Amino acid sequence: VQLQASGGGLVQTGGSLRLSCAASGSSVSFSIMGWYRQAPGKQRELVASIKSGGITNYPGSMKGRCTISRDNAKNMVYLEMNSLKPEDTAVYYCYAVGTTVYWGQGTQVTVSS
């Protein structure tokens, strides 16, 4: 299974980005898909997750500013981020829980002040 994340980039404070992650290489269904992020010098932080039935979880500081969604038929997960702040600057990693946990390669999000 391979996860390919995309959609990162440079955005100004207050801007928006939409991250996408495509899972390929297997027909396994993923019970959970989601996004972590890791800023320089900080621990990896869970941003959002979504179960196959659509239940979402936003445990971190982006709650209220992001929306996670998934397309089970396409094995894709998305993260819509709004009102971005410089402290949101990080590498964003998608993941998927199947028979094990699979990780994408990360996509850089940089928010300029």
Side-chain angles (χ1 to χ4, degrees):
V1 175
Q2 294 182 338
L3 300 182
Q4 182 69 44
S6 61
L10 174 64
V11 63
Q12 292 184 336
T13 296
S16 300
L17 280 175
R18 184 179 190 244
L19 307 183
S20 300
C21 178
S24 62
S26 175
S27 61
V28 66
S29 60
F30 303 109
S31 59
I32 302 172
M33 301 184 79
W35 295 88
Y36 274 80
R37 69 182 182 183
Q38 187 165 22
K42 295 188 177 181
Q43 290 188 332
R44 191 170 290 194
E45 171 192 23
L46 177 62
V47 177
S49 64
I50 182 168
K51 294 184 177 180
S52 57
I55 296 174
T56 57
N57 181 35
Y58 302 97
S61 60
M62 290 204 73
K63 185 175 183 178
R65 298 188 292 121
C66 68
T67 302
I68 190 170
S69 60
R70 64 187 284 177
D71 185 331
N72 291 330
K74 296 181 179 180
N75 269 345
M76 292 197 68
V77 62
Y78 308 94
L79 184 69
E80 186 80 34
M81 302 184 293
N82 304 300
S83 302
L84 286 164
K85 306 174 182 179
E87 51 263 43
D88 296 319
T89 295
V91 178
Y92 286 70
Y93 298 90
C94 59
Y95 75 98
V97 180
T99 55
T100 185
V101 181
Y102 304 96
W103 291 93
Q105 86 287 4
T107 185
Q108 176 71 46
V109 172
T110 302
V111 185
S112 63
S113 56

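Nothing here was measured: the structure is a model prediction, and the numbers come from that model.
Each of Leu79 and Met76 belongs to its own hydrophobic cluster when Ile, Leu, Val, Met, Phe, Trp and Tyr are linked at side-chain heavy-atom distances under 4.5 angstrom. Hydrophobic clustering (side-chain heavy atoms under 4.5 Å, transitive across Ile, Leu, Val, Met, Phe, Trp, Tyr) groups Ile68 together with Met33. Residues Val91 and Trp103 share a hydrophobic cluster, clusters being chains of Ile/Leu/Val/Met/Phe/Trp/Tyr side chains in contact below 4.5 Å. Residues Val109 and Val77 share a single hydrophobic cluster, defined by chaining ILVMFWY side chains whose heavy atoms lie under 4.5 Å apart.
Note on residues 40-76: no pairs pass disulfide bond (SG atoms under 2.5 Å apart), not counting sequence neighbours. Residue pairs meeting the ring pair (Phe, Tyr, Trp, His ring centres under 6.0 Å) criterion with at least one member in residues 39-94: none, sequence neighbours excluded. Within the structure, the salt bridge (charged side-chain N to carboxylate O under 4.0 Å, His left out) test picks out no pair touching residues 97-113 (sequence neighbours left out). Sorted by first then second residue, the salt bridge (charged side-chain N to carboxylate O under 4.0 Å, His left out) pairs that include residues 23-33, not counting sequence neighbours, number zero. Here salt bridge (charged side-chain N to carboxylate O under 4.0 Å, His left out) pairs that include residues 89-111, with residues two or more places apart or in two chains, number zero. Residue pairs meeting the salt bridge (charged side-chain N to carboxylate O under 4.0 Å, His left out) criterion with at least one partner in residues 25-35, sequence neighbours excluded, do not occur; the list is empty. Residue pairs meeting the side chain to side chain donor-acceptor pair (under 3.5 Å) criterion with at least one partner in residues 40-54, sequence neighbours excluded, are Arg37-Glu45.
In this structure, CZ in Phe30 is found 5.0 Å from CG in Asn75, a value given to the nearest 0.5 Å. The distance from atom CE of Met62 to atom CH2 of Trp35, rounded to the nearest 0.5 Å, is 11.5 Å. Rounded to the nearest 0.5 Å, atoms OG1 (Thr56) and CZ (Arg70) are 11.5 Å apart.
Nearest heavy atom pair, residue Thr89 against residue Val111, reads OG1-N, 2.9 Å. Taking each heavy atom of Leu3 and Cys21 in turn, the nearest pair found is CB-SG, 3.9 Å.
Enclosure of atom CD in Glu87 by more than 12 non-hydrogen atoms of other residues, nucleotides or ligands within 6.0 angstrom is indicated.
Side-chain contact between Arg65 and Asp88 is present, with at least one heavy-atom pair separated by less than 4.5 Å.
Gln108 is linked by a side-chain hydrogen bond (donor to acceptor under 3.5 Å, both in side chains) to Thr110, counting only residues two or more places apart in sequence or in another chain. With sequence neighbours excluded, no residue forms a side-chain hydrogen bond (donor to acceptor under 3.5 Å, both in side chains) with Ser29. Under the side-chain hydrogen bond (donor to acceptor under 3.5 Å, both in side chains) criterion, Asn57 pairs with no residue, sequence neighbours left out.
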Name every donor-acceptor pair, under 3.5 Å, that has one atom in a side chain of residues 94-102 and the other anywhere in the protein, sequence neighbours excluded.
{"from": "Thr99", "atom 1": "OG1", "to": "Tyr102", "atom 2": "OH", "distance (Å)": "3.1"}

I'd like a table of donor-acceptor pairs (distance under 3.5 Å, sequence neighbours excluded) in which one partner is a side-chain atom from residues 4-20, with atom names and distances.
{"from": "Thr13", "atom 1": "OG1", "to": "Ser112", "atom 2": "O", "distance (Å)": "2.7"}
{"from": "Ser16", "atom 1": "OG", "to": "Asn82", "atom 2": "OD1", "distance (Å)": "3.0"}

